[in-house]
Every structure is written in C-alpha cells, then in structure tokens.
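Notes follow once the structure below has been shown.
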Amino acid sequence: MFTIKLLLFIVPLVISSRIDQDNSSFDSLSPEPKSRFAMLDDVKILANGLLQLGHGLKDFVHKTKGQINDIFQKLNIFDQSFYDLSLQTSEIKEEEKELRRTTYKLQVKNEEVKNMSLELNSKLESLLEEKILLQQKVKYLEEQLTNLIQNQPETPEHPEVTSLKTFVEKQDNSIKDLLQTVEDQYKQLNQQHSQIKEIENQLRRTSIQEPTEISLSSKPRAPRTTPFLQLNEIRNVKHDGIPAECTTIYNRGEHTSGMYAIRPSNSQVFHVYCDVISGSPWTLIQHRIDGSQNFNETWENYKYGFGRLDGEFWLGLEKIYSIVKQSNYVLRIELEDWKDNKHYIEYSFYLGNHETNYTLHLVAITGNVPNAIPENKDLVFSTWDHKAKGHFNCPEGGWWWHDECGENNLNGKYNKPRAKSKPERRRGLSWKSQNGRLYSIKSTKMLIHPTDSESFE
C-alpha cells in the first residue's frame with residue numbers, strides 16, 4: 001500500500017518535470033544532450049517505482065494465499081467434524097428407532113396380557129358367583145341330609161347328594177386352577193410393565209443424551225465410577241422358576257457364558273455372570289482387566305457390589321454369601337501376567353456372614369501357581385473405612401487379612417508395568433507365593449462353583 005502511494009506521488013512529479021522541460025524548450029534553446037539525460041532520469045524513477053509496486057503486490061499475493069490456505073484447512077477440519085457428528089447422530093437415531101420398535105412390541109403384548117387378565121377376571125367373578133350359589137345349595141342340602149340322618153339313621157346316602165358333592169369338589173378344583181392361572185398372568189403382566197418402564201426410561205435418557213453428546217463430543221470426558229450394581233439388581237421380586245445359581249442354569253440347557261438372573265434360597269433376585277469353563281459353570285464374583293474401575297471403595301459398596309458385570313466389578317459380599325450358604329463351594333482364582341501367562345489355583349472354603357465380617361477360611365486343593373493366601377486361618381474382610389476389632393485398616397481396596405496387610409491384594413490399586421517404584425508395586429495387583437516369588441498381575445478372576453452340582457437340578 002505504501003508502494004502505491006509512493007508511485008502516485010512520484011508519477012505527478014515526473015510528469016510535471018516533463019512539462020517544465022517542454023516549456024523551457026520553447027522559451028530558450030537548450031542543448032539536446034541535457035534533454036536526453038533528463039528523460040532518462042525520469043524513466044529510471046518511474047521504473048524504480050513500478051519495481052517497488054511489483055514487490056508490494058507480490059508480498060500481498062503471498063499473504064493472501066497463506067490466509068486462503070488457512071481458511072481451507074479450517075473448512076476441511078469443520079467438514080470432518082460435521083461428518084463425524086452426522087455419523088454419531090445416525091447411530092443414535094437407529095438405536096432410538098430400535099428401542100421404539102421394541103417398546104411398541106412390548107406394549108402390544110402388554111395389551112394382550114391385559115385383555116386376557118380382564119377375561120380371566122370376568123370368568124373368575126362368574127365362577128365365584130356360581131360357587132356362592134353352590135355353597136348355599138350345599139348348605140341347604142347338608143341341613144336336609146342332617147335331618148334325614150337324624151330321622152332315619154339306617155337309610156343309605158341318596159345318590160343325588162353324592163353326585164352333588166362330587167360336582168362341588170370339581171368346581172372347587174376348577175376355581176383353584178383358575179385362581180392360580182390369574183395369579184400367574186398377573187405376575188407376567190407386572191413383569192411386562194417393568195420391562196416397558198425400563199425401556200421408556202432408556203428412550204428418555206437417549207433423547208436427552210443425543211443433543212448433549214453432539215454438542216460435547218469434542219470435549220474430553222472425565223472417568224466415571226459405578227458404585228453399585230444398580231442396573232443389574234432386582235429388588236423385592238418373587239418369581240417361581242428363577243434358578244438358585246449358575247449350575248441350575250447350566251443343567252437346564254444354557255451352556256453359554258453370560259449374564260443371568262438368579263435367586264438363591266431366602267434371598268432376593270439379582271444378576272450374575274455365569275462363566276462356562278471346560279464344560280463346568282462357575283459364578284464370577286470378581287473381575288479385573290484394565291484398571292478402569294476404582295476398587296478403593298467403601299465397606300458399604302463391597303458389601304452390596306459395584307462395577308459392571310460386562311467389565312470390571314465386585315459382586316458383593318452379601319450376594320456371595322447368599323450363594324455359598326446353599327451348599328459346599330470351591331473358590332477358583334485365575335491370574336494372567338503381563339506376558340499373557342495364565343495361572344490358577346482352587347480352594348475349598350467357608351465364608352461367614354456380616355456378623356463375622358465375612359470371615360474366610362481356605363484350604364488349597366489344586367492349581368499351577370504356588371499358594372499365596374494363608375490357609376487354615378480365619379481371614380477377616382477389611383476396607384479403608386471398616387475394620388474388625390484387633391485388625392488393621394489397609395490402604396488400598398477391600399480384602400481378607402489375617403494379622404496384617406499383605407502383598408496379595410487382588411482388589412488393590414491397578415498399576416501397569418512401567419509404573420512404579422517397589423513400594424508402589426506392593427499395593428497393586430500382585431501375587432507373592434510363600435517361596436517369595438512375586439507375580440505382577442494384569443487380569444484376575446474369582447469364581448465359585450458347588451462341589452455337588454446335582455443338588456441344583
């Protein structure tokens with residue numbers, strides 16, 4: 001811009017000098033060589049001004065080109081982000097459509113069950129009315145029969161009375177069967193209603209999360225912990241036919257590992273992960289794989305469970321106790337180190353209730369890794385906020401201890417191999433055998449299985 005202004009200033013000067021020279025040529029006769037030199041100077045000045053103008057324009061073009069490239073790069077980034085958000089939106093909409101289809105199907109089934117329930121109720125009312133009439137007739141006939149027996153004790157019972165009694169008994173049995181059918185239908189109706197409510201809640205959460213996830217998809221998310229197994233637990237439910245544990249499910253023909261609902265004796269319904277190992281069903285009570293779940297939880301959370309059954313979790317001491325109190329069980333611990341070597345050890349064990357702080361008593365049976373947990377001793381469960389009398393508070397995770405906090409804490413802090421100094425590693429996932437060898441553990445599983453599988457048919 002400065003070059004252009006300079007040129008505009010120089011050009012008029014050159015032109016005016018030219019006009020002055022022409023006028024002077026008319027006034028006086030000047031020599032020809034002097035005029036030529038003056039014209040050459042003007043051309044040089046004009047050429048220099050044009051050169052500066054060209055450099056200025058070149059710099060301006062370069063700057064403009066750089067700005068245009070930056071704008072194109074930002075537009076490309078924006079297009080890619082918009083495309084990613086469009087894909088996420090499409091996936092969320094597909095999930096929402098699938099949930100709506102499922103909800104519609106359940107609503108249709110719910111209506112069918114309601115209609116059936118109304119029909120059964122109407123039949124039941126009519127049967128109850130008939131029953132009342134029959135009871136009145138029976139009462140009248142019994143009075144007459146009593147009078148006949150009193151007046152004629154030797155007379156045999158009348159055939160009509162016998163047939164009437166038989167008919168009444170059949171009617172009573174039919175009414176009992178119908179009442180049982182109505183009760184079963186009512187339970188199914190409640191179950192369908194609960195499923196519909198759950199799916200409706202999922203739809204509400206999906207519709208709320210959709211705009212939030214789109215607007216915040218580029219922002220980092222803080223890690224979340226799941227203190228309780230709230231999505232898996234079913235409280236105050238009484239259903240017939242719910243298996244007592246994973247062995248019952250396996251004996252009924254379900255031979256695939258996965259999440260199932262169980263109800264141990266004298267307990268509520270809750271979900272567990274049944275792990276089929278070499279044709280034998282085991283109930284998974286603890287799983288650690290990557291350190292995504294915080295295991296430094298409170299006594300209350302260790303009592304009732306936390307985490308997700310499809311990831312890292314602790315089933316809960318109260319649920320474990322409700323399972324193992326049904327029979328004699330085996331405890332299996334599976335370990336995998338950072339070189340992908342797999343180890344296991346099995347124990348016969350006894351677990352006490354909450355009044356004993358879930359005291360554990362172990363006896364090793366078999367395995368391919370040396371034992372590291374004290375045997376034939378009362379091991380008391382302890383957390384950082386709860387300890388039994390005469391025992392220590394251990395800093396990381398909940399575990400069974402005897403006299404002091406040891407190194408074998410499979411619920412301890414999860415440290416990766418690059419991690420830490422020796423004192424830090426002792427608090428992490430480790431397995432130190434009695435001969436002193438220390439195993440650094442990447443993943444763990446704790447499973448239980450009844451010694452008498454036939455008792456859970």
Side-chain angles (χ1 to χ4, degrees), residues 245-247 250 255 257 272-291 295 312-315 317 320-321 323-352 358-381 394 397-415 417 425-454 456:
E245 68 109 62
C246 290
T247 303
Y250 185 85
H255 297 168
S257 298
V272 296
Y273 190 94
C274 298
D275 198 353
V276 179
I277 303 173
S278 301
S280 180
W282 294 75
T283 303
L284 192 59
I285 63 173
Q286 185 256 34
H287 194 197
R288 304 196 70 179
I289 49 177
D290 56 10
F295 270 66
E312 292 196 333
F313 73 94
W314 173 259
L315 183 61
L317 292 165
I320 298 170
Y321 175 73
I323 296 173
V324 301
K325 73 179 181 180
Q326 302 176 111
S327 181
N328 295 323
Y329 275 75
V330 174
L331 172 66
R332 178 184 176 97
I333 297 177
E334 295 184 354
L335 311 171
E336 183 178 359
D337 60 27
W338 293 97
K339 296 180 181 179
D340 296 330
N341 298 317
K342 295 183 179 181
H343 315 274
Y344 79 96
I345 188 168
E346 294 181 2
Y347 303 90
S348 62
F349 75 101
Y350 167 80
L351 181 67
Y358 302 99
T359 299
L360 181 67
H361 194 87
L362 294 173
V363 177
I365 302 174
T366 184
N368 61 4
V369 65
N371 180 35
I373 304 177
E375 295 183 74
N376 299 311
K377 293 181 179 179
D378 291 333
L379 308 177
V380 178
F381 200 89
C394 296
W399 193 247
W400 288 277
W401 308 108
H402 180 54
D403 292 326
E404 60 183 7
C405 302
E407 293 180 292
N408 299 304
N409 182 3
L410 300 185
N411 289 337
K413 185 178 179 181
Y414 191 95
N415 294 318
R425 193 168 62 248
R426 284 178 179 170
R427 291 202 311 247
L429 295 187
S430 59
W431 184 268
K432 187 174 183 180
S433 62
Q434 295 177 357
N435 60 15
R437 183 177 178 183
L438 181 66
Y439 295 84
S440 181
I441 303 303
K442 179 174 69 174
S443 65
T444 67
K445 282 184 178 182
M446 296 178 65
L447 312 100
I448 55 176
H449 177 73
T451 56
D452 184 13
S453 301
E454 295 179 357
F456 290 94

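- Side-chain atoms of Thr359 do not come within 3.5 Å of backbone N or O of Gly352 as any donor-acceptor pair.
- Under the 3.5 Å distance criterion, the side-chain polar atoms of Glu334 are left unmatched by any main-chain donor or acceptor of Lys342.
- Note that the NZ atom of Lys325 and the CD1 atom of Ile320 stand 13.5 Å from one another [nearest 0.5 Å].
- Of the inter-residue distances, the one linking Glu312 atom CD with Asp290 atom CG reads 4.5 Å to the nearest 0.5 angstrom.
- When side chains are defined from C-beta on, Trp401 counts as touching Asn409, because their heavy atoms get closer than 4.5 Å.
- Across every non-hydrogen atom of Asn411 and Gly398, the tightest pair is ND2-O, 2.8 Å.
- Annotation: cation-pi geometry not satisfied between Arg288 and Tyr414 (NZ/CZ under 6.0 angstrom from ring centroid, within 45° of ring axis).
- Listed for the Trp400 side chain is no donor-acceptor partner under 3.5 Å among the backbone atoms of His361.
- Rounded to the nearest 0.5 angstrom, Ile448 CD1 and Cys246 SG are separated by 8.0 Å.
- Within the 4.5 Å cutoff, no side-chain heavy atoms of Trp399 are placed close to those of Leu379.
- Looking at Asp340 and Lys442, their side chains come closer than 4.5 Å, going by heavy atoms from C-beta outward.
- Taking OH of Tyr344 as the start and CG of Leu447 as the end, the distance is 13.0 Å to the nearest 0.5 Å.
- Ring pair His255/Tyr250: centre-to-centre distance below 6.0 Å.
- Atom-to-atom distance recorded for Ile441:CD1 and Ser430:OG is 7.5 Å, nearest 0.5 angstrom.
- Arg332 CZ to Asp275 CG: the interatomic distance, rounded to the nearest 0.5 Å, is 9.0 Å.
- Looking at Ser348 and Asn328, their side chains never come closer than 4.5 Å, going by heavy atoms from C-beta outward.
- Tyr329 places a side-chain heavy atom less than 4.5 Å from the side chain of Ile323.
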For this session: Report the C-alpha separation of Tyr273 and Leu315 in whole Å, then their side-chain angles, then the decisive distance to 0.1 Å, and conclude whether the side-chain contact (heavy atoms from CB on, under 4.5 Å) test is met.
Result: CA-CA 9 Å; Tyr273 190 94; Leu315 183 61; over 6 Å; no
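- Just one of Leu360, Val363, Ile373 meets the side-chain contact (heavy atoms from CB on, under 4.5 Å) condition when paired with Tyr347; it is Ile373.
- Looking at Thr444 and Ile333, their side chains never come closer than 4.5 Å, going by heavy atoms from C-beta outward.
- Note on ring orientation: taking the six-membered ring where Trp is involved, the planes of His449 and Trp282 are tilted (angle from 30° to 60°).
- Counting heavy atoms from C-beta outward, Phe381 and Leu317 have side chains that approach closer than 4.5 Å.
- Nearest heavy atoms, Lys432 versus Leu438: CB-CD1, 3.6 Å.
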For this session: Please report the C-alpha distance between Leu335 and Leu410 in whole Å, then the side-chain angles of each, then the deciding distance to 0.1 Å, and finally whether the side-chain contact (heavy atoms from CB on, under 4.5 Å) criterion is met.
Result: CA-CA 10 Å; Leu335 311 171; Leu410 300 185; 4.2 Å; yes
For this session: Would you sort out whether Thr451 and Val330 count as a side-chain contact (heavy atoms from CB on, under 4.5 Å), showing the intermediate values?
Result: CA-CA 6 Å; Thr451 56; Val330 174; 3.5 Å; yes
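- The shortest non-hydrogen separation linking Ile345 to Val369 is CD1-O, 3.8 Å.
- Remark: Asn341 pairs with Asp337, Lys339, His343 by the side chain to side chain contact (heavy atoms under 4.5 Å, CB included) rule, at least two apart or across chains.
- A 4.5 Å side-chain heavy-atom check between Gln286 and Phe295 finds at least one atom pair inside the cut-off.
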